[in-house]
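Input: a single structure, listed below in structure tokens.
Proteins get letters first, then strands, A, B, ... in listed order; numbering begins at 1 in each. Heavy-atom basis, side chains included; hydrogens, waters and symmetry copies ignored. This structure is a prediction, so every number in the text was calculated from the model and none was measured.
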There are 2 protein chains.
Amino acid sequence: MSKKSPMREKILQAAEKRVRAAGFAEMSFRDVASDVGIKSASVHYHFPTKAELGEALVEEYTTRFNAFLVQLDTEALLPAIRSYIALYAKALILDEAICLCAIMGAEAIGLPREINEKTRTFFEMNLVWLENLFGKHLGASNRPLAAMVVSALEGAIIVSSASKDRKIFDDVAEEVIQLIASRA
Amino acid sequence: MSKKSPMREKILQAAEKRVRAAGFAEMSFRDVASDVGIKSASVHYHFPTKAELGEALVEEYTTRFNAFLVQLDTEALLPAIRSYIALYAKALILDEAICLCAIMGAEAIGLPREINEKTRTFFEMNLVWLENLFGKHLGASNRPLAAMVVSALEGAIIVSSASKDRKIFDDVAEEVIQLIASRA
DNA sequence: GTCTATAATTTGATAGAC
DNA sequence: GTCTATCAAATTATAGAC
């Protein structure tokens with residue numbers, strides 16, 4: 001679906017970084033253009049409108065996240081959960097940013113419907129993956145537990161990032177692991 | 001600290017609604033002025049800069065939230081937690097919006113330092129309140145459990161709101177209650 | 001594909017009348 | 001306290017040259 005143009009990829013990368021740092025509304029074509037070394041008019045060649053850039057961002061983010069999830073399907077329950085948590089930890093610590101879909105979800109009312117639908121798909125993908133994981137290892141699907149895990153990790157990234165205190169995320173990560181271990 | 005001017009209160013209320021729906025960056029003086037029936041120049045009389053309006057928003061939100069928390073201090077553990085969860089449920093369902101400090105935290109990089117500090121204070125207030133509650137009823141303070149509760153509820157509001165599925169929040173709320181009950 | 005130039009709109013903010 | 005008038009800057013987006 002997505003073309004492999006190198007500049008397109010550079011734009012997506014720069015735009016994602018800015019959205020995940022300050023929000024979709026704060027990300028401007030001029031800033032992104034400056035980041036990748038071209039002019040804002042040239043960004044419109046790759047993404048005609050800001051809405052289309054936003055859609056591509058969420059789409060690509062979801063695809064990338066899903067690629068990781070698929071890899072985890074062979075692991076046992078607790079190792080899989082640890083790897084899943086590591087995805088969120090990477091977002092917070094390595095990228096020094098929050099989850100793209102957390103900010104897109106928070107800004108939802110001001111965003112185009114197409115972006116909102118893709119954001120929703122990201123969360124549903126996470127929930128379904130966890131449900132299947134629990135179904136496979138705990139015998140029952142357990143959507144409430146899946147919702148608890150996704151919410152706790154998404155929330156932990158925001159609270160931890162806003163508080164500039166990584167320990168908050170680490171505390172929540174450990175609680176999530178213990179919670180699932182207690183259900184096993 | 002905050003003056004009791006009726007128009008000032010109306011402005012704060014309208015601005016909070018807009019920030020919690022689409023973010024601080026998307027909230028404009030003109031839109032807020034229109035909401036309360038005055039011109040944007042008049043908003044500057046009450047709040048000279050947008051940064052000052054933002055600070056007042058977080059400050060007032062924190063004060064209001066704290067007033068609720070103080071009231072809950074006489075309740076037993078599980079009733080107190082249920083009431084605490086109800087505060088978040090009210091934000092999601094009645095206000096049809098996410099937590100002000102969740103969006104302020106998510107947009108942090110693009111916001112003035114003063115707002116970031118006040119946002120951080122809000123989260124710390126929540127953590128300390130929960131820590132004290134656990135200390136009183138569980139014998140030990142347990143900051144990780146406090147972080148888990150705050151993160152799960154903040155995250156649940158965002159995921160639930162973005163997915164337009166209230167059941168996600170309700171599921172997480174029930175998981176939080178069960179989690180704390182299991183530690184009692 | 002990228003550029004210059006520019007249109008059209010919105011924004012935060014100020015000056016000064018009332 | 002609120003208004004009109006206005007400004008300077010930033011924004012999304014388009015047209016057309018190269």
Side-chain angles (χ1 to χ4, degrees), chain A residues 2-58 103-104 107-116, chain B residues 2-58 60 103-104 107-116 118:
Chain A
S2 55
K3 296 158 192 165
K4 287 283 170 68
S5 156
M7 181 51 80
R8 186 191 148 101
E9 294 304 311
K10 279 183 70 178
I11 291 169
L12 282 171
Q13 203 174 337
E16 180 185 315
K17 186 168 182 176
R18 286 190 173 269
V19 172
R20 290 176 60 190
F24 185 75
E26 273 292 305
M27 182 268 293
S28 79
F29 273 45
R30 268 176 177 75
D31 287 338
V32 170
S34 164
D35 290 342
V36 302
I38 59 177
K39 297 295 177 180
S40 79
S42 305
V43 178
H44 283 278
Y45 169 80
H46 299 277
F47 302 96
T49 67
K50 192 179 176 183
E52 286 172 89
L53 172 54
E55 285 180 60
L57 281 176
V58 179
I103 180 68
M104 289 292 204
E107 289 180 296
I109 304 271
L111 301 181
R113 180 181 52 81
E114 289 83 0
I115 293 184
N116 290 338
Chain B
S2 55
K3 295 159 193 166
K4 287 282 171 72
S5 156
M7 182 50 79
R8 186 190 147 100
E9 296 302 312
K10 279 182 70 176
I11 291 169
L12 283 171
Q13 203 174 338
E16 181 186 314
K17 186 168 183 176
R18 286 190 173 269
V19 173
R20 290 176 60 190
F24 186 74
E26 273 290 306
M27 183 268 295
S28 79
F29 272 46
R30 271 175 178 75
D31 287 338
V32 170
S34 163
D35 290 342
V36 302
I38 60 177
K39 296 296 177 180
S40 79
S42 306
V43 177
H44 284 278
Y45 169 80
H46 298 277
F47 302 97
T49 67
K50 192 180 176 183
E52 286 173 89
L53 172 54
E55 286 180 60
L57 281 177
V58 180
E60 200 234 324
I103 180 68
M104 290 292 204
E107 289 179 297
I109 304 271
L111 301 181
R113 182 181 50 81
E114 290 83 0
I115 293 184
N116 290 338
K118 287 184 163 60

* **Nearest-nucleotide 5' precedence on DNA chain D, A41(B) against P6(B)** => P6(B)
* Would K50(B) count as a cation-pi partner of F24(B), with NZ or CZ less than 6.0 Å from the six-membered ring centre and within 45° of the ring normal? -> yes
* Identify the two heavy atoms, one from G54(A) and one from M104(A), that lie closest to each other, and give their separation to 0.1 Å. => O-CE, 4.2 Å
* Asked: Can you name the closest pair of heavy atoms from A51(B) and P112(B) and give their distance?
  -> CB-CG, 3.7 Å
Take the protein atom [atom1] of [X] and the nucleotide atom [atom2] of [N], then report the distance between them rounded to whole Å.
| X | N | atom1 | atom2 | answer |
| --- | --- | --- | --- | --- |
| E26(A) | dT12(D) | CD | P | 10 Å |
| K50(A) | dT10(C) | NZ | P | 15 Å |
| F29(A) | dA10(D) | CZ | P | 18 Å |
| K10(B) | dT2(D) | NZ | C1' | 13 Å |
| R30(B) | dA5(D) | CZ | P | 14 Å |
| L53(B) | dT11(C) | CG | P | 14 Å |

Between [X] and [N], does any side-chain N or O lie under 4.0 Å from OP1 or OP2?
| X | N | result |
| --- | --- | --- |
| S28(B) | dT11(C) | yes |
| Y45(A) | dT2(C) | no |
| H46(A) | dT2(C) | yes |
| S42(B) | dG1(D) | no |
| K39(A) | dC3(C) | no |

Check every atom of [options] against the side chain of [X] and return the nucleotide holding the closest atom.
| X | options | value |
| --- | --- | --- |
| M7(A) | dA13(C), dA13(D), dT2(C) | dT2(C) |
| H44(A) | dT14(D), dT2(D), dA13(C) | dT14(D) |
| T49(B) | dA13(D), dT4(D), dA13(C) | dA13(C) |

* To do: Determine whether the side chains of D31(A) and S34(A) contain a donor N or O and an acceptor N or O closer than 3.5 Å.
  => no
* **Lys/Arg-Asp/Glu bridge criterion (N-O < 4.0 Å) met for E26(A), R18(A)** => no
